[in-house]
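Here's the structure, in structure tokens; my notes come after.
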Amino acid sequence: MILQAIDFSRFLRGSESDRVETADALVESFKQHGFARLVNYGISVFSIEHLEMLNRKFFSMPEDAKMRSFKGAETTAGLRKHKDVPDGILVDEKEHFDAGSASDMDFPNKWPDKDMPELRQFLEPFHDTCQDLCLSLMEACELGLRLPPGTLTRRCQPPASELRLNYYPAVDMKKLQDGRTRRTWPHTDFGLLTLLWQDDVGGLKYQDRSKSNSRSFMERQYGTGHSDLGVEQDVFLPLTRNEPGEMAVNISDTFQRLTNDVFRAGVHTVDWPDSSSHSRKERTLPARYSSVFFFKAHRNTSVGVLPHFITEQTPAHYDNITALEFHRRMTQVLIDPTGQK
Ligand SMILES: O=C(O)CCC(=O)C(=O)O
Ligand SMILES: [Fe+2]
């Protein structure tokens, strides 16, 4: 099933009935697929192309220049090479660079100011633009879920979101067939929503819920550890970019908690594209770039179930903890696959 693109300008600038229709379409797409495709969401195609150009430039810098932005233990920001992750079971064949809000003093950014000052110049204001867009998406969700205005938006300030530039180096197909390595193994993201822009290489796939194992992915992944991952039982559908500037949005774990599973986090993976131009017979998959914005709740906000989603028939499925506690719990699970959610 192809996800219908939603024209978000009808929410941003439309009449009251346009706003309601768009909010309803967005909420329906999130409920059914955990994903939506958006066009005309208020960021120019030029900005998205510029973002992709900077992404390519950053990862094409010499190794020593890139390493000056390497993520230290004290921060979530900077460069990370997944091959270094001590997981030992499943390997993501990728590198990524993360940057939080300029106003976030708890986790300072590690910009490559000496080698590539334009990265910071563009990404600092772009971070604010993405944060504003996500607040509009939250308003649309409030409308579409019939929640009182402010229920969601007030949990998102001050910003704790992160921008990520992903780089998947060209890779030998044999490596992707060893059973341990993928560009990105199936996962859900931690925050509320994720915005995603990708190049034309393809390979991003989202779970087809009509054909996948009914047990929640989170339960399978984090409840019992990797050995019961069961990813091969899941069916994935390609999510390609149909026009420049188009954006994919997915529901992430925190939103699943707040809505007591009314929204379920969209499971996604990156592997070989299905298109005939990249058949599995080819020996090398070309490099791929994507940029994502992980929109997160404010760290001290409770991410327990909202009272609106608790009834006698459906008690709260999740405990009442802060966004920061939840984030720590999830990163702990990734480091220790036997850890409990
Ligand atoms: O590269 C992509 O298309 C997906 C990236 C992703 O899922 C992530 O960074 O969490
Ligand atoms: Fe993701």
Side-chain angles (χ1 to χ4, degrees), residues 3 30 33-38 48 51-52 54-56 58-59 71 76-83 85 87 90-100 123 126-127 130 134 161-171 176 181-207 217-218 221-222 229 231 234 236-242 244-256 263-275 278 285-296 327 330-331 333-334:
L3 282 180
F30 283 157
H33 309 288
F35 268 86
R37 280 177 49 218
L38 259 68
I48 299 308
L51 175 68
E52 189 180 318
L54 292 173
N55 188 338
R56 287 173 186 274
F58 175 79
F59 287 106
K71 194 192 263 281
T76 61
L79 174 74
R80 180 164 179 176
K81 290 169 164 275
H82 275 247
K83 280 162 264 185
V85 177
D87 180 289
L90 303 176
V91 182
D92 282 354
E93 185 73 8
K94 71 188 262 196
E95 298 177 16
H96 67 77
F97 172 83
D98 291 353
L123 288 190
F126 188 74
H127 197 287
C130 292
C134 286
S161 309
E162 268 174 352
L163 254 172
R164 172 169 293 180
L165 306 181
N166 283 313
Y167 166 53
Y168 305 89
V171 60
L176 293 185
T181 312
R182 276 214 190 161
R183 285 197 146 164
T184 299
W185 279 93
H187 68 283
T188 53
D189 302 329
F190 295 167
L192 287 161
L193 286 178
T194 303
L195 311 180
L196 184 140
W197 297 274
Q198 57 177 320
D199 64 16
D200 288 322
V201 172
L204 172 64
K205 294 172 186 170
Y206 68 104
Q207 188 189 38
F217 179 83
M218 282 171 80
Q221 184 175 22
Y222 301 117
L229 195 61
V231 287
D234 288 309
F236 286 91
L237 294 168
L239 182 46
T240 46
R241 172 172 89 167
N242 292 357
E246 184 184 288
M247 177 177 77
V249 186
N250 66 263
I251 296 293
S252 307
D253 300 337
T254 307
F255 218 170
Q256 172 161 344
F263 280 167
R264 282 182 298 129
V267 181
H268 52 288
T269 181
V270 184
D271 62 6
W272 40 75
D274 285 343
S275 71
H278 300 106
L285 205 52
R288 178 176 181 275
Y289 298 83
S290 70
S291 307
V292 297
F293 185 73
F294 297 116
F295 179 60
K296 295 189 175 164
H327 188 94
M330 296 303 271
T331 38
V333 168
L334 280 187

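Both counts, for ligands and for their atoms, begin at 1 and track the order of listing.
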Report yes if some N/O of D189 lies less than 3.5 Å from some N/O of ligand 1; otherwise report no.
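N/O-N/O distance under 3.5 Å: yes.
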
Any N/O pair H187/ligand 1 closer than 3.5 Å:
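Such a contact does occur with ligand 1.
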
Check against side chain to side chain contact (heavy atoms under 4.5 Å, CB included), N242 and R37:
CA-CA 10 Å; N242 292 357; R37 280 177 49 218; 3.0 Å; yes

Check if Q198 has a non-hydrogen atom at a distance under 4.0 Å from any atom of ligand 1.
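Distance cut 4.0 Å: Q198 fails for ligand 1.
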
For T184, is the nearest heavy atom under 4.0 Å from an atom of ligand 1?
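Flag not set, T184 not near ligand 1.
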
Among protein heavy atoms, which sits nearest to [atom], and what does the distance come to when rounded to 0.1 Å?
{"atom": "atom 9 (O) of ligand 1", "result": "N166 ND2, 3.0 Å"}
{"atom": "atom 3 (O) of ligand 1", "result": "R288 NH2, 2.8 Å"}
{"atom": "atom 4 (C) of ligand 1", "result": "L196 CD1, 3.4 Å"}

Taking the side chain as C-beta and beyond, is there a heavy-atom pair between [X] and [Y] under 4.5 Å?
{"X": "L285", "Y": "P273", "result": "yes"}
{"X": "R182", "Y": "T269", "result": "yes"}
{"X": "F293", "Y": "H127", "result": "yes"}
{"X": "F236", "Y": "V267", "result": "yes"}
{"X": "Y206", "Y": "N250", "result": "no"}
{"X": "L204", "Y": "R288", "result": "yes"}
{"X": "F97", "Y": "N55", "result": "no"}
{"X": "Q198", "Y": "V270", "result": "no"}

Check R183 against ligand 1 and report side chain, backbone, both or neither, counting heavy atoms closer than 4.0 Å.
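For R183, there is no contact with ligand 1 at all, from either part.
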
Check K205 against ligand 1 and report side chain, backbone, both or neither, counting heavy atoms closer than 4.0 Å.
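The answer is neither; K205 stays 4.0 Å or more away.
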
Any chance you could lay out the side chain to side chain contact (heavy atoms under 4.5 Å, CB included) test for L193 and I251, step after step, and finish with the verdict?
CA-CA 5 Å; L193 286 178; I251 296 293; 3.9 Å; yes

Under 4.0 Å to a heavy atom of F294 - the qualifying atoms of ligand 1, by number
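Close to F294: 9 (O), 10 (O).
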
Please report the number of protein N, O or S atoms that lie less than 2.8 Å from the Fe ion (ligand 2).
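Those protein atoms number 3 in total.
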
Can you tell me how far apart CG (L165) and CD (E52) are? Round to the nearest 0.5 Å.
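Nearest 0.5 Å value for the CG-CD distance: 11.0 Å.
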
